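Structure, as structure tokens:
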Amino acid sequence: MSDDSTRDAAESDGDDAPDAAGVPDATEPTDGDDTEHRAFWADSVADEIEARDPEEPIVIKGGVSPSGVAHLGNFNEIMRGYFVAEVLRERGREVRQVFTSDDKDPLRKLPRKLADTEGNIVGLGDVDAGALGRNLGKPYTAIPDPFGEADSYAAHFANLLKADADRLGVPVEMISNTELYADGAFDPVVERVLSDIENARAVLSEYQRKVDGEYVPFNPVCGECGKITETVTDIDPDAGTVDYVCTDLTVGDETIDGCGHEGTATFREGKLPWRFEWPGQWQVLGVDFEPFGKDHAEGSWPSGEDIARSVLEIEPPVPMTYEWFTLNGEALSSSAGNIVTVPEILELLEPEVLRYFFALDPRKARNLDLSRLDQLVDDFDRFERAYFGGVDDETLTAFAERAYPFVVEEVREERVRLPYTFAAVLGMTDDREVRVEMARNEGHFAEDTPEWAIEEALERVEKARAWAERMDNAYNYRLQVEMPDVHLESDVETALDELADFVDAGHDGDEIQGEIYETAKRHDLEVSDLFGAGYRLFFDQPQGPRLGEFLGDLDRTFVVKRLRRAE
RNA sequence: GGGCCGGUAGCUCAGUUUGGCAGAGCGUCUGGCUUUUAACCAGACGGUCGGGGGUUCAAGUCCCUCCCGGCCCGCCA
């Protein structure tokens with residue numbers, strides 16, 4: 001176990017992310033006054049926040065170290081916070097949702113994966129790794145963007161995260177931790193911690209054994225080499241400075257060399273260690289609610305809560321632990337390549353389905369199985385129907401009544417949802433008219449279905465098509481525009497010619513489907529042989545969707561020509 | 001080793017606060033759609049609610065204990 005920890009620590013910054021469910025403490029009512037059960041967890045959290053009679057705007061926070069790839073796990077905090085924010089706004093509260101980029105943290109190790117400006121995941125080999133290596137130990141904001149576009153390494157990843165939040169329609173305000181120090185917002189916190197250092201040590205030592213009488217909870221940035229240092233030799237709270245020596249920094253079994261410089265730094269030229277910095281953020285930003293992954297639940301939350309009360313003398317925010325989700329059954333890990341980004345998953349799903357995923361109970365550990373996205377979409381569709389009263393399930397309906405309006409951008413009952421796997425079938429052809437016709441035949445579109453609803457419904461076809469291709473699953477068939485290279489027995493060819501005549505005479509899909517059986521029978525063929533030939537001709541595969549009905553929706557001339565094997 | 005969270009049908013999940021018949025969707029199977037061919041319809045099958053013990057008229061739900069998984073109890077965040 002401890003062996004692993006080295007590896008894990010190596011990329012702990014971002015990677016292993018959080019996932020899905022949450023901790024109960026968080027949603028437990030304060031002091032047992034009113035224990036009203038809520039169908040939507042965000043209502044329970046909102047109750048708890050309101051019970052504190054908070055000043056407005058109510059501040060909801062999340063945060064992450066901008067270490068490498070912004071992946072879906074990082075969105076737990078943003079999405080969980082979003083639902084609580086929306087519930088409070090609905091109750092007439094003014095809410096500010098912020099997300100800190102903890103970008104004064106030092107780059108401790110070279111990431112194995114990065115995300116470029118478009119959010120695509122790339123390897124370290126695609127950037128100047130040597131340049132990055134020389135910046136080990138410096139704050140992320142002091143390191144150039146490896147892709148050369150943003151102001152810094154930190155800004156690059158903060159921009160990606162912000163872009164993803166925009167894609168999901170979450171109005172989150174990004175805050176640079178470095179800036180909080182630079183503009184003096186953190187001054188009172190640092191001053192408090194360092195002037196009351198005996199107390200600070202005493203409190204933290206309850207949680208961290210390493211804390212001793214020499215421990216100084218402040219890490220200056222070296223004025224010479226720019227790296228975060230660990231050795232403070234003197235503190236002058238009145239002057240607001242510390243003296244330091246730029247010593248080596250040990251990270252796991254690696255050492256980042258210090259330059260030996262001896263200097264003096266102001267409270268703005270350095271940072272607090274995380275255990276103090278987190279509570280400091282609560283104070284500086286006036287945080288009322290913060291969701292966090294279960295890794296914090298037994299570590300930094302208890303100490304942070306204590307530091308907030310005992311050192312900073314502030315009330316910590318309402319907490320909520322969420323469980324992590326797994327991706328395809330495995331922990332999220334960028335180094336292992338088990339990662340999905342927001343843009344990636346939005347190629348496969350509508351944003352509202354993804355929001356739905358995060359509206360589910362945060363306490364439950366979930367698995368996001370890309371090969372079974374149809375299940376997630378089906379669940380969403382059912383959830384949506386429940387909102388409109390179409391599902392005989394009290395619990396689901398109660399949940400949907402509360403959560404659904406926050407999941408969709410706009411509540412519109414006339415909206416049409418094509419079942420995801422059916423959408424994948426429609427994705428076998430690019431012809432929009434064929435898609436619409438097939439959907440009509442299946443009863444998904446009615447005569448009076450408005451054009452906007454058809455447009456929206458068809459957007460799912462593109463998602464489902466991308467899914468079928470990416471998973472290379474049972475729906476990954478493609479109508480062949482060019483005649484495939486097929487070899488057929490002569491009796492099969494004869495049968496196909498007859499079938500072509502039948503189609504040419506003008507029959508609908510059902511009739512064609514029936515005629516395939518009849519034709520096979522007449523020619524003493526195995527039905528499967530004739531179907532097989534059809535699938536070869538149209539899909540260049542041995543199998544496919546219900547053939548007759550599919551052909552009935554295609555252009556008749558095309559179908560006839562293809563059945564006759566004409567180029 | 002200690003602590004926290006999770007474990008309900010093959011899969012994805014409700015239900016656990018406040019004890020009251022074990023649930024849904026999907027999948028599977030069977031049947032239907034004049035006819036084995038993945039879209040549609042109906043029905044059926046499917047459960048030791050992780051195991052064991054306890055409390056109770058009654059336990060998925062409460063208590064004890066054990067198993068499995070994740071996390072924390074070093075550093076860092």
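By convention in this document, chain letters (A, B, ...) are assigned in the order of the sequence lines, proteins followed by strands, and residues within each chain are numbered from 1. All of these numbers come straight from a predicted model, not from anything done at the bench.
Judged purely by distance below 3.5 Å, without hydrogens or angles, the side chains of A:Q375 and A:D369 never pair a donor atom with an acceptor atom. Side-chain N/O atoms of A:T519 and A:E515 include a donor and acceptor closer than 3.5 Å. Using modelled atom types and a 3.5 Å distance limit, the side chains of A:T429 and A:D431 yield no donor-acceptor pair.
Of the two residues near RNA chain B, A:G299 and A:F531, the one whose nearest nucleotide lies more 5' is A:F531. Each of A:F550 and A:N367 was matched to the nucleotide of RNA chain B holding its nearest heavy atom; the match closer to the 5' end belongs to A:N367.
Here, B:A24 and B:A14 have their P atoms 16 Å apart, quoted to the whole Å. A gap of 12 Å separates the P atoms of B:U61 and B:U16, to the nearest Å. The C1' atoms of B:A58 and B:G20 are separated by 7 Å, rounded to the nearest whole Å. Rounded to the nearest Å, the gap between the P atom of B:U28 and that of B:G3 is 45 Å. Taking the C1' atom of each, B:G60 and B:G15 are spaced 8 Å apart, rounded to whole Å. Taking atom C1' on both nucleotides, B:A22 is separated from B:A9 by 10 Å, rounded to a whole Å. Annotation: B:G27 and B:A38 have their P atoms spaced 13 Å apart (nearest Å). For B:G19 and B:U12, the P atoms lie 30 Å apart once the distance is rounded to whole Å.
The side chain of A:T395 lies closest to B:G15 when the candidates are B:G15, B:C75, B:A77.
Here the P atom of nucleotide B:C13 and the CG atom of A:L360 are 8 Å apart, to the nearest Å. The interatomic distance linking A:I256 (CD1) with B:C76 (P) rounds to 13 Å, in whole Å. When rounded to the nearest whole Å, the span between CD of A:Q281 and C1' of B:A77 equals 11 Å. Computed from coordinates, the A:L136 CG to B:A77 P distance equals 15 Å when rounded to whole Å. One interatomic measurement links the two molecules: CZ of A:R38 to P of B:G15, which rounds to 16 Å at whole-angstrom precision. Here the C1' atom of nucleotide B:U12 and the CZ atom of A:F357 are 11 Å apart, to the nearest Å. Taking atom CZ on A:R275 and atom C1' on B:G74, their separation rounds to 10 Å, with Å as the unit. Following rounding to the nearest Å, A:R363 (CZ) and B:U16 (P) show an atom-to-atom distance of 9 Å.
Ring to ring, A:W301 and A:W274 are not that close: their centroids are 6.0 angstrom or more apart. Checked against the 6.0 Å centroid threshold, A:F357 and A:F75 do not count as a close aromatic pair. A distance below 6.0 Å separates the ring centres of A:F383 and A:Y356.
A donor and an acceptor atom sit less than 3.5 Å apart, one in the side chain of A:K294 and one in the base of B:G70. For B:A39, its base never sits under 3.5 Å from the side chain of A:Y420 at any donor and acceptor pair.
In this structure, B:C75 forms no base pair with any nucleotide, since neither Watson-Crick nor G-U wobble geometry is met with both distances under 3.5 Å. Pair check for B:A42 finds B:U30; Watson-Crick or G-U wobble, both atom distances under 3.5 Å. With a cut-off of 3.5 Å on both Watson-Crick or G-U wobble distances, the partner of B:U55 is given as none. Taking a pair to require two hydrogen-bonding distances under 3.5 Å in either a Watson-Crick or a G-U wobble arrangement, B:A22 remains unpaired.
Residue A:Y477 is classed as a base contact, given a heavy-atom separation below 4.0 Å to a base. A:R209 comes within 4.0 angstrom of sugar-phosphate atoms only, judged by non-hydrogen atoms across all strands, and of no base. Counting any heavy atom pair closer than 4.0 Å across all strands shown, A:T421 reaches no nucleic acid atom. Residue contacts shown for A:K271 are limited to sugar-phosphate atoms, with no base heavy atom under 4.0 Å away.
Between A:Y535 and B:A38, a side-chain N or O to OP1/OP2 separation shorter than 4.0 Å is present. Side-chain nitrogen and oxygen atoms of A:K364 include none within less than 4.0 Å of the OP1 or OP2 phosphate oxygen of B:U12.
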Original post:
Could you write nucleotides 24-35 of chain B as a row of B, S and -, 5' to 3', where a protein heavy atom under 4.0 Å of any base atom gives B, of only sugar-phosphate atoms gives S, and otherwise -?
Top reply: SBB------B-B
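Annotation: proximity of residues 428-446 of chain A to RNA chain B (heavy atom, distance under 4.0 Å) is found for A:M438, A:E442, numbered in ascending order.
Taking the charged nitrogens against the carboxylate oxygens, A:E350 and A:K463 have no contact shorter than 4.0 Å, which rules out a salt bridge. A salt bridge between A:D105 and A:K271 is present, with a side-chain N of the basic residue lying under 4.0 Å from a carboxylate O of the acidic one. A:R536 has a carboxylate O that lies under 4.0 Å from a charged side-chain N of A:D540, or vice versa, which qualifies the two as a salt bridge. At a threshold of 4.0 Å, the pair A:K61-A:E77 does not count as salt-bridged, since none of the basic side-chain nitrogens sits closer than that to a carboxylate oxygen.
With hydrogens and angles ignored, the 3.5 Å screen pairs a side-chain donor or acceptor of A:R201 with a backbone N or O of A:Y215.
Between A:F388 and A:Y404, the angle of the ring planes goes over 60°, which puts this pair in the perpendicular group of the 30/60° scheme.
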